[in-house]
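Structure record follows, encoded as structure tokens.
Reckoned from all heavy atoms, side chains included, excluding hydrogens, waters and symmetry mates. By convention in this document, chain letters (A, B, ...) are assigned in the order of the sequence lines, proteins followed by strands, and residues within each chain are numbered from 1.
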Amino acid sequence: MNISYTSREQIEVHRFSLPAGILIPLVALFLQAFLPLRFHFFEIFDLPLLVTIFLAVSRRNPVTGLLTGSVIGLLQDSLTHQPIGIYGIAKTVVGYGASSLGVKLDVENSGSRFLLVYGFYMVHEVIYLVVARGMVGQNLAWRWGHMAFAAFANAVLAIPLFMILDRFKQRG
Amino acid sequence: MENLLARHRNVTILVVVLFAEIVGLAVQVKRTADTDSTRLIRVWTITAVTPVERGFVAVQQGISNAWHNYFYLRGVRAQNRQLQDEIEQLRLQQVRLSEDAGQARRLQRLLGFKEQFIAKTLAAQVVGSSGSDMSRVVYIDKGEGDGIRQDMAVITADGVVGKILRVFPTSSQVLLINDPSSGVGVILEKSRLQGVIKGTPNGQVVLEKMMSDERVEPGDQLLTSGGDQIFPKGLPIGTVKSVSAGNDVFLKIRIKPAAELDQLEEVLVITQVVERQPTAEETQTTMRAVDILASRLPSVPEHTGMPATGIPLPVGMKPPSAIPKEIKNGKEVKPGTKPVVPGAAQTGMAPKPRPKPSQAQVTGDAARIAPKAVNGALPGVGSTPAARTGSTGLPAGTVARKPRSSKPAAGATEAGIVKTKGQAPPVPDAAEPGGGAAGSPVPTPKATAPAKPPASVEPNSPNSPPAEGPQP
């Protein structure tokens with residue numbers, strides 16, 4: 001496990017080309033909507049969340065991170081039948097948190113990515129549940145075991161996925 | 001103040017964005033009836049995602065079809081044989097059920113009941129899902145332009161899937177029955193208890209509001225009750241998986257949905273349901289209650305109607321001895337030596353022998369008009385297509401003969417079919433339209449009823465199922 005504090009000068013800020021910046025979230029949304037139909041177990045993954053975290057920690061800009069999270073979350077909301085904004089709020093917070101953390105931590109190695117995704121998945125789910133129960137009035141149960149397992153599964157998936165997405169990075 | 005905002009620019013933007021989202025969410029929650037407040041963003045997203053999904057589905061199906069239809073044909077013969085056997089069994093069952101359905105329809109007509117018939121369905125491909133286990137919805141590739149409207153029922157051949165929640169120009173959103181926000185009125189097939197099934201957050205289906213003193217057992221079948229005005233009555237919805245005592249006075253009943261909600265590929269949208277009384281053609285004859293009761297009175301068993309098995313033949317079927325012998329070239333042709341196509345006797349046509357006469361003769365025509373769900377019209381709920389050809393369940397074109405008792409007829413059907421294997425099929429009895437049995441002390445309903453031509457399926461009728469092959 002190699003999580004180290006780094007100075008701002010040492011931190012490498014990355015950019016993404018416009019097509020990549022648009023297509024990566026869209027492909028993630030598409031796969032999230034399509035794959036669970038064929039592979040039911042895929043429902044446990046949250047590809048838009050993983051992409052949000054990846055883009056946020058790579059860009060290392062909190063404003064960009066939160067806006068990216070907000071847009072991806074709202075788009076994900078629009079695929080559901082729920083009121084639009086629940087995923088939006090959760091991913092906005094995650095985008096902001098991930099980019100803020102990316103400024104302070106070296107998140108290039110697999111161990112730190114695993115922990116980062118695990119932690120932010122839990123944060124995301126907690127915010128979702130709070131908003132869904134508190135604001136929308138949904139009768140959702142706290143399933144901590146399921147949440148922990150899903151966080152683990154997403155963290156495992158994040159490692160190879162981030163490696164693939166690293167190829168789209170451009171030096172800022 | 002400006003300094004403060006500039007110093008905490010990121011946090012300020014975060015708060016502003018979150019505030020905007022919360023306000024937007026609150027507005028939507030308040031306007032629960034207005035589903036169009038967020039329509040634009042939904043349409044954009046669906047329009048962006050659905051075409052790609054359609055493309056993927058098409059490619060996937062193409063590859064799958066090529067593989068299964070041209071390359072991977074191992075075990076197809078064995079499977080074909082097995083399916084043929086299954087079809088035989090189902091045909092037997094169909095004849096038996098159509099008997100009951102015909103009788104039920106006659107009674108409904110007498111009582112002035114109105115039935116719901118599924119008049120039109122539209123086949124659709126499932127192309128996407130919400131991708132979230134918090135929202136159990138799927139998307140189909142048919143939308144407003146195809147005649148889909150909100151709240152239409154969505155089914156498969158196995159059972160109920162859900163209902164149309166939102167309609168977009170070229171796609172629609174279907175709310176599955178295992179979503180927590182869905183609810184379907186159901187009735188237990190055996191005990192006729194009514195309840196409501198709902199989804200749970202973990203994707204299960206439960207039957208709610210069933211008192212703990214009610215008798216519900218695992219394996220009980222559930223049908224739609226029709227009370228929700230969305231799903232027509234009588235559609236299979238699932239079976240009771242487990243029953244346990246709940247925390248309060250209600251039972252905790254888990255349901256196994258009849259439709260495979262996790263593996264949906266193609267669905268049917270019920271686009272038109274008509275409500276009407278069974279017509280005279282469906283009941284075949286205008287009957288009175290007294291006629292039906294009269295047919296149930298005990299009487300001397302009719303010798304001619306009893307096959308060698310001792311079980312009466314089903315309605316409309318005659319024992320081999322009672323079947324009029326066909327005269328061909330001045331010679332008597334024994335029934336059974338050559339299969340006769342039902343209806344051909346009237347025209348005097350000499351039919352060609354069929355490869356499997358035993359099945360085709362008795363139930364063949366009834367099976368030929370069997371619904372092909374994917375193609376369009378489904379039969380009326382709680383009825384079989386064969387029932388619509390007449391109350392007998394026999395091929396259209398066969399004049400029915402009233403049984404002495406309705407009870408043994410079901411069992412007799414099988415016996416009759418076994419008997420007819422390799423023998424002549426029931427031949428239309430044009431000379432005896434009333435079908436009154438000779439020597440019967442109680443006049444049968446048919447004897448009192450006016451002679452009517454045999455009912456047939458109207459191809460253009462809204463309730464007529466799509467036919468395969470020539471119509472009788």
Side-chain angles (χ1 to χ4, degrees), chain A residues 26-38 40 42-48 61-63 65-67 69-70 73-93 95-97 99-100 125 128-129 131-132 135-141 143 146 150, chain B residues 9-11 13-14 17-18 20-29 31-32 35 37-46 48-50 52-53 56-57 60 126-139 165-166 173-175 179-182 200-203 261-265:
Chain A
L26 281 183
V27 169
L29 278 171
F30 160 72
L31 291 175
Q32 187 66 42
F34 183 72
L35 289 179
L37 277 181
R38 303 291 179 263
H40 191 60
F42 207 87
E43 214 174 57
I44 204 165
F45 298 117
D46 193 341
L47 284 181
N61 183 336
V63 175
L66 76 90
L67 289 177
S70 172
L74 292 177
L75 289 176
Q76 195 177 2
D77 273 320
S78 63
L79 284 174
T80 69
H81 72 290
Q82 317 279 16
I84 289 178
I86 311 178
Y87 276 118
I89 292 170
K91 285 194 168 56
T92 302
V93 175
Y96 179 82
S99 54
S100 303
E125 290 298 294
Y128 184 96
L129 280 169
V131 174
M135 277 195 71
V136 185
Q138 286 183 9
N139 187 21
L140 294 177
R143 294 181 293 161
H146 177 265
Chain B
R9 190 178 67 105
N10 294 343
V11 178
I13 293 171
L14 173 70
V17 171
L18 282 179
E21 285 175 337
I22 287 169
V23 168
L25 194 59
V27 168
Q28 291 172 67
V29 172
R31 291 186 201 164
T32 46
T35 51
S37 60
T38 55
R39 183 170 169 81
L40 206 57
I41 185 170
R42 289 187 198 275
V43 170
W44 286 346
T45 313
I46 301 303
V49 171
T50 311
V52 189
E53 287 173 337
F56 266 77
V57 169
Q60 187 204 9
V126 178
V127 292
S129 70
S130 71
S132 165
D133 56 357
M134 307 287 184
S135 168
R136 311 245 168 217
V137 292
V138 293
Y139 289 89
L165 193 64
R166 286 193 179 92
Q173 193 182 51
V174 179
L175 181 70
D179 187 86
S181 61
S182 78
T200 62
N202 52 359
L261 300 176
D262 295 340
Q263 293 165 355
L264 291 172
E265 286 185 17

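Residue with the most contacts toward chain A among Ser129(B), Ala20(B), Pro180(B), Ser181(B): Ser129(B) (heavy-atom pairs, distance under 4.5 Å). For the options Leu165(B), Leu25(B), Thr45(B), heavy-atom pairs under 4.5 Å to chain A are most numerous at Leu25(B). Heavy-atom pairs under 4.5 Å with chain B peak, among Phe45(A), Tyr87(A), Tyr96(A), at Tyr96(A). Per-residue heavy-atom pair counts under 4.5 Å with chain B were compared for Ser99(A), Pro83(A), Gly85(A), and the maximum is reached by Pro83(A). Put simply, of Val138(B), Thr200(B), Leu264(B), Val126(B), the one with the most heavy-atom pairs under 4.5 Å next to chain A is Val126(B).
With a 4.5 Å cut-off on non-hydrogen atoms, Leu37(A) touches chain B through its backbone and its side chain both. The contact between Phe30(A) and chain B is made by backbone and side chain atoms together, counting heavy-atom distances below 4.5 Å. The contact between Val137(B) and chain A is made entirely by side chain atoms (from C-beta outward), counting heavy-atom distances below 4.5 Å. Within the 4.5 angstrom heavy-atom criterion, atoms from both the backbone and the side chain of Ile86(A) approach chain B. The parts of Leu74(A) that come within reach of chain B are both its backbone and its side chain, each placing non-hydrogen atoms under 4.5 angstrom from that chain. Both the backbone and the side chain of His81(A) come within less than 4.5 Å of a heavy atom of chain B. With a 4.5 angstrom heavy-atom cutoff, Phe42(A) does not touch chain B via any of its atoms. Using a 4.5 Å cut-off between heavy atoms, Thr50(B) does not touch chain A at all. With a threshold of 4.5 angstrom between heavy atoms, Asp77(A) approaches chain B through N, CA, C or O but not through any side-chain atom. For Ile22(B), the parts lying under 4.5 angstrom from a heavy atom of chain A are both the backbone and the side chain. Of the two parts of Arg9(B), only the side chain, counted from C-beta on, holds a non-hydrogen atom closer than 4.5 Å to a non-hydrogen atom of chain A.
Ion pairing between Glu21(B) and Lys91(A) fails under the 4.0 Å rule for side-chain N and carboxylate O.
A donor-acceptor pair is defined here as one N or O able to donate and one able to accept, closer than 3.5 Å; such a pair exists between the side chain of Tyr139(B) and the backbone of Leu79(A). Here the side chain of Glu43(A) pairs no donor or acceptor atom with the backbone of Asp133(B) at under 3.5 angstrom. A distance-only check finds a donor-acceptor pair linking the side chain of Gln173(B) to the backbone of Thr80(A) [under 3.5 Å]. No side-chain donor-acceptor contact under 3.5 Å links Gln138(A) to the backbone of Met134(B).
When all heavy atoms of Ile46(B) and Ser78(A) are compared, the pair lying nearest together is CD1-O, 4.4 Å. Between Phe34(A) and Val57(B), the closest heavy-atom pair is CE1-CG2, 3.5 Å.
His146(A) and Asn202(B) share no side-chain donor-acceptor pair at under 3.5 Å.
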